[in-house]
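First the structure, in the form of structure tokens, and then the observations on it.
In the text below, chain A, chain B and the rest are named by the order of the sequence lines, each starting its count at 1.
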Amino acid sequence: MSDPTVTRWLPGATSGDPDALNEVIRLFRPGIYRYCRSRLPDHESAEDVTQEVTMAMIEALPRHRADDHTVGAFVYGIASNKVAMWHRASYRRPEVPIETTPDREDPEVGPAEIAESNDGLARLLETMDQLPDRFREILVLRVSAGLSAEEVGQVLGMTAGAVRIAQHRALVRLRELSAAEVRP
Amino acid sequence: MSILDDNDDLDLDLDLAALAETDAWLDQVARRTPDAHDPLATGLASWLDGIDDEYVPESVALPPTGITPPVGIRSGRRYRGRALAAVAVLGAASLAGVGVAAAAPGSPLYPVHRVVFGKVHPDPVPTPAKTTGHLSPTPPSHKPSSLGGAAVAALPGPHQAVTTPSTEDHRTPGHQPGSRGAGSSSGPGREGSDRDDRHGTDSGAREDTNSGHRSGSGNAQQSGKQGSGSNGHGSGGSRDGSGDGSGSGEGSGSGHDHGSGSGSRQDRVSTSDHGPGTGDPGPGAED
């Protein structure tokens with residue numbers, strides 16, 4: 001995430017120049033949404049969390065120091081925390097009350113329907129969901145946010161080497177799961 | 001490291017080449033340039049493209065400085081359309097309200113006006129009424145106007161002066177509720193709708209909305225008495241006598257003139273007398 005455009009605007013943004021801050025937000029926002037959408041179940045939730053991340057970024061960016069993190073790691077660290085907060089909150093607000101839970105599975109979204117679906121993308125998402133959280137987080141940060149292994153390490157508190165090993169394992173696991181999905 | 005602990009079943013014989021290859025593979029997917037022969041890479045790239053298609057760019061700016069538009073303000077056309085429709089509806093409603101409020105008797109909107117604002121039009125149409133003859137004294141009585149400023153002047157019997165065509169007149173004979181206002185008139189007797197047998201001219205100000213001040217000088221000859229007098233305050237509505245004089249005044253309350261009096265005549269309730277005037281009030285000129 002060492003975009004030269006971001007690098008150009010970053011000093012002004014951290015010093016409080018509103019135009020520079022505006023440009024930095026404009027550059028980061030699509031990636032923030034992509035990351036949030038990759039980790040959240042629907043578009044609306046991703047929009048909400050993206051907005052929260054943007055606001056938090058406006059407040060925190062003047063405190064950013066390039067010595068500690070790259071700006072990409074800084075921003076996606078905020079995003080990672082906000083997404084984790086969303087998941088914690090979702091555990092506390094179950095959307096389906098117990099008394100309205102159907103006794104049987106919904107036939108419209110049963111295994112037959114899923115099997116009939118020829119959408120490889122849906123299968124891929126299901127496969128991604130089967131990954132351990134940390135693996136999935138690393139892959140999303142690498143692919144959706146476009147962070148480097150070093151930046152992912154800064155976000156997650158890992159070394160770049162540990163990230164490279166973990167992402168390799170995550171990819172191997174993902175291939176195995178995808179092959180299992182394709183097999184009848 | 002929990003990642004390593006969670007995956008003991010994986011082959012731990014990782015060489016640097018495999019790690020570098022994976023790193024390059026992920027970079028390709030992130031840049032959306034995957035190997036076309038790798039279904040997993042193309043699937044991930046398609047997944048990212050789908051997410052990008054969902055993204056709706058919004059105007060981005062900083063809220064506190066106000067230099068640029070704030071974050072999160074949607075610029076959708078539907079909001080603009082709703083705002084325009086709301087403005088149009090409000091404008092039409094305002095115009096209709098003004099039309100009803102300004103409706104006068106005879107106007108097609110006057111029935112609506114009566115329903116909305118009451119039965120009496122705020123601007124009564126004066127109707128001349130002759131007040132000839134002798135005004136018999138009536139006990140003074142005050143009754144504040146309940147018509148919200150639209151006063152109706154009425155005198156009993158032939159002296160009745162009607163300043164409004166409205167039939168809603170709660171007054172008792174001999175008093176004239178009124179409200180304040182301002183106006184001027186000149187001419188014989190009382191201006192506007194109120195005429196009696198006085199001869200003279202009134203000049204000055206008087207409001208025809210039955211309130212306010214009237215000043216001027218005039219001659220009122222009613223029973224041969226002449227005089228000039230100053231204003232008085234009084235209430236009541238009957239006048240007895242005649243007078244010739246001049247005077248000016250603004251009156252409050254209703255007064256009855258006895259004998260000859262000049263100057264002002266207080267016919268109204270809730271007005272106040274001010275102003276210079278000369279004249280002989282005559283007997284019982286103003287109560």
Side-chain angles (χ1 to χ4, degrees), chain A residues 16-19 21-30 33-38 43 46-47 50-51 54-55 58 120-121 123-125 127-128 132 134-135 138-139 142-149 156 158-159 161-176 178-179 182, chain B residues 1-32 34 38-74:
Chain A
D17 178 14
D19 290 335
L21 188 55
N22 196 26
E23 285 300 319
V24 170
I25 292 170
R26 195 183 304 277
L27 290 167
F28 270 106
R29 207 168 193 279
Y33 172 80
R34 199 182 307 122
Y35 168 77
C36 294
R37 184 65 185 90
S38 302
H43 168 74
E47 281 278 342
T50 300
Q51 187 70 9
T54 306
M55 299 306 292
I58 292 172
L121 189 59
R123 286 204 306 268
L124 174 64
L125 294 180
T127 307
M128 292 276 289
R134 185 50 74 94
F135 279 179
I138 289 172
L139 288 182
R142 285 286 281 120
V143 172
S144 294
L147 297 183
S148 65
L156 300 179
M158 300 165 62
T159 64
V163 170
R164 288 193 175 92
I165 294 171
Q167 71 188 16
H168 178 77
R169 290 178 173 173
L171 191 57
V172 170
R173 175 70 67 89
L174 188 61
R175 289 188 185 281
E176 290 178 353
S178 298
V182 171
Chain B
M1 184 61 62
S2 62
I3 295 172
L4 300 178
D5 297 338
D6 290 343
N7 300 279
D8 293 336
D9 56 330
L10 293 176
D11 182 10
L12 294 179
D13 295 333
L14 300 173
D15 55 44
L16 290 179
L19 294 181
E21 186 180 349
T22 301
D23 211 29
W25 187 91
L26 290 172
D27 286 339
Q28 282 184 344
V29 173
R31 288 194 301 267
R32 318 290 171 84
D38 186 347
L40 184 58
T42 54
L44 282 172
S46 300
W47 175 52
L48 297 177
D49 289 340
I51 291 176
D52 286 347
D53 291 342
E54 285 182 3
Y55 176 67
V56 179
E58 299 187 24
S59 60
V60 179
L62 309 174
T65 58
I67 296 175
T68 47
V71 175
I73 291 183
R74 297 177 185 272

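With respect to B/Tyr55, the side-chain contact (heavy atoms from CB on, under 4.5 Å) criterion is satisfied by exactly one of A/Arg29, A/Arg34, A/His43: A/Arg29.
Between B/Leu19 and A/Gln167, the closest side-chain pair of non-hydrogen atoms is not below 4.5 Å. In this structure, the side chains of A/Val172 and B/Thr22 stay at 4.5 Å or more apart for every pair of heavy atoms.
For A/Ser38, the parts lying under 4.5 angstrom from a heavy atom of chain B are both the backbone and the side chain. Contacts between B/Asp49 and chain A at a heavy-atom distance below 4.5 Å are absent for every atom of the residue. With a 4.5 angstrom heavy-atom cutoff, B/Asp52 touches chain A only via side-chain atoms.
Remark: side-chain polar atoms of A/Arg142 are paired, donor with acceptor, to backbone N or O of B/Asp23 under 3.5 angstrom.
A pairwise comparison of heavy atoms in B/Ile51 and A/Tyr33 identifies O-CE2, 3.5 Å as the closest pair. Closest heavy-atom contact between A/Gly146 and B/Ala30: CA-CB, 4.3 Å. Closest non-hydrogen pair, B/Leu44 versus A/Leu124, comes out as N-CD2, 3.5 Å. Across every non-hydrogen atom of B/Trp25 and A/Leu171, the tightest pair is CZ3-CD1, 3.2 Å.
No other option in B/Arg32, B/Arg31, B/Glu21 has as many heavy-atom pairs under 4.5 Å with chain A as B/Arg32.
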